[in-house]
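Written out below as structure tokens is the structure these notes cover.
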2 protein chains.
Amino acid sequence: MTATERFQRLKPEKKEKIVATAIDEFARYGFRQASVNRMARLTGIAKGSLFQYFGTKEGLFRFIFDHAVELIRRNLRRVKAETADQDFFERIRSSLLAGVSFIRKHPHIYQIYLKMLFQEDFPFRDEFLQKIRLFSAEYLTPLVEKGMADGDLRPDLDVHLVVFTLDAVMDRFLQAHCVPFLDGNAGLFQAPPERVEKQVGDLVDFLRRGLGAEQPSGRR
Amino acid sequence: MTATERFQRLKPEKKEKIVATAIDEFARYGFRQASVNRMARLTGIAKGSLFQYFGTKEGLFRFIFDHAVELIRRNLRRVKAETADQDFFERIRSSLLAGVSFIRKHPHIYQIYLKMLFQEDFPFRDEFLQKIRLFSAEYLTPLVEKGMADGDLRPDLDVHLVVFTLDAVMDRFLQAHCVPFLDGNAGLFQAPPERVEKQVGDLVDFLRRGLGAEQPSGRR
DNA sequence: CTATAAGATGACCACCTGGTCATTTTGTGG
DNA sequence: CCACAAAATGACCAGGTGGTCATCTTATAG
């Protein structure tokens, strides 16, 4: 990969400051419009040093990108494991709440994610889009397949269509939490935790009504 | 509004060339990264002239923006009127097909739309997001309300949630048609018309199964 | 054909960018 | 305290930006 040993040798405090500032910068401005000069000013580190650490702006972004991917991967794995014994719709509920929680903790990473979706001038965008598909395939697909096998989901549904729909609805829910006017007048935008809890509940109940088997194994 | 009389006085041919080039440029590069120099080179018109016509880069974008909004508005109105007598799900089907058709005809406008969703450095972005909400409220909401009143939709569903879900699924369907790897392995990306026809049909059938009343007034 | 107004033009400006590298500062072992 | 290496620095560069405006070209009217 790109050589960042020089950067890795820095004091943790300095490293964190650089990472935080860079994430912020890329989240706010995308790739092309992000300014290494500004990052240098904000971190108090000479521009030359930043280029010594990462080679190029793209190298710096590569590092941030990998960092973010790893964070997301860990989160998905964790949620998947923690909810393994739950009912299908309960898992969807947990996934949505985990998504909101992740965004709360790492808003700038999510902002970068949203920008990369439709902004072609990001480096590694193809890799990024492939990873998204992989995440969806590795996370949602097996979840749906298990849901059908367990009888939580109506047996007449096409797995791919369920995955596609869930992906769309869940993504949109998270987007509406971050972008004004993308909610359906439902006050999703920057809703406080207790309101989110109810919104997620309502949405999942709605999904259950459309996708759930009539008499599932569980109660409710 | 911003003064564009100077531009309006030009020969239609010249006007169209400018509009087409500008739409292309903003679609490819967003706002900040779009270059008036490049547009001048591509149209063969002096940069100074472009600034005489539109005042600023923002003025030029304002014109393109209004132009695009008007196009979309007309399209929505037309589809809504043309499908007024159809069954609810038939209308959704028609809307999706009309969406794909619009994107085929105006791919760059749709690209600008996608970029504006998450790129904050566009001028008029708040206005844009409000318009989106308005379109959704004026288009999808009454459609769903009529669908429920007509008994096409299950009566126990919450209108807002149906609108939210449809919005999410339909938007995602169109996005998947334009961005690779956003489809659920379903080959939506840049699918040819006949494939789109089938995909839309499958999706709508799927939606009908989840949202439709058991015994609607019509056949099928 | 001329006088005048309207329009087109591109050199120019200040500013910002990613990236370089000679120079200075700092850290370390003896 | 020194010597030497490693790290930090910011002036500098070429190239691009949005925007201006004196100058030139064109069209029109008398």
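Within every chain, numbering begins at 1; the chains are lettered A, B, ... in the order of the sequence lines, protein sequences first and strands thereafter.
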Whole angstrom is fine here: how far is it from [atom1] in [X] over to [atom2] in [N]?
| X | N | atom1 | atom2 | answer |
| --- | --- | --- | --- | --- |
| B:E5 | C:dA6 | CD | C1' | 14 Å |
| B:M39 | D:dT17 | CE | C1' | 12 Å |
| B:F54 | C:dA8 | CZ | P | 12 Å |
| B:K15 | C:dA8 | NZ | P | 13 Å |
| B:N37 | C:dT9 | CG | P | 14 Å |
| B:Q33 | C:dC16 | CD | P | 16 Å |
| A:I45 | D:dT9 | CD1 | P | 7 Å |
| A:K57 | C:dC16 | NZ | C1' | 12 Å |

Under 4.0 Å: is that the gap between some side-chain N or O of B:K14 and OP1 or OP2 of C:dA8?
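Indeed, a polar side-chain atom of B:K14 lies that close.
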Can you check whether B:Y53 has a side-chain N or O nearer than 4.0 Å to OP1 or OP2 of C:dA8?
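B:Y53 to C:dA8 OP1/OP2: side-chain N or O found under 4.0 Å.
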Counting distance alone, no hydrogens or angles: does the base of C:dT9 have a donor or acceptor under 3.5 Å from a partner atom on the side chain of B:Q52?
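Side chain to base: pair found, below 3.5 Å.
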Can you identify which nucleotide, out of [options], has its nearest atom closest to the [X] side chain?
| X | options | answer |
| --- | --- | --- |
| A:V36 | D:dT9, C:dG19, C:dG18 | C:dG18 |
| A:L10 | C:dG19, D:dG19, D:dA8 | D:dA8 |
| A:F51 | D:dT9, C:dT20, D:dG18 | C:dT20 |
| A:R6 | C:dG19, D:dA7, D:dT20 | D:dA7 |

Would you mind telling me which of B:F65, B:F61, B:Y113, B:F128 makes a ring-ring contact (aromatic ring centres under 6.0 Å, His included) with B:F122?
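The residue from B:F65, B:F61, B:Y113, B:F128 that satisfies ring-ring contact (aromatic ring centres under 6.0 Å, His included) with B:F122 turns out to be B:F61.
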Need to verify one output field. Residue with the more 5' nearest nucleotide on DNA chain C, A:K47 or B:R9?
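Closer to the 5' end of DNA chain C: B:R9.
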Min side-chain heavy-atom separation B:M170-B:S95 under 4.5 Å
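Yes, at least one pair of side-chain atoms sits under 4.5 Å.
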Report yes or no: is the cationic atom of A:R38 (NZ for Lys, CZ for Arg) closer than 6.0 Å to the six-membered ring centre of A:Y29, at no more than 45° off its axis?
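Cation-pi check for A:R38 and A:Y29: passes.
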For a quick test of reading the model, state the closest non-hydrogen atom pair linking B:L203 to B:F173 and the distance between them.
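So the two residues come closest at CD2-CD1, 3.7 Å.
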Note: B:K131-B:E127 ion pair, threshold 4.0 Å (strictly below):
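B:E127 and B:K131: salt-bridged.
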Which is true for A:L50 with a 4.0 Å heavy-atom rule: it touches a base, it touches only sugar-phosphate, or it touches nothing?
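Answer is nothing: A:L50 stays at 4.0 Å or more from every strand.
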Tell me what B:S49 touches on the nucleic acid: a base, only sugar-phosphate, or nothing, going by heavy atoms under 4.0 Å.
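The answer is base, as B:S49 lies within the cut-off (heavy atoms under 4.0 Å) of a base atom.
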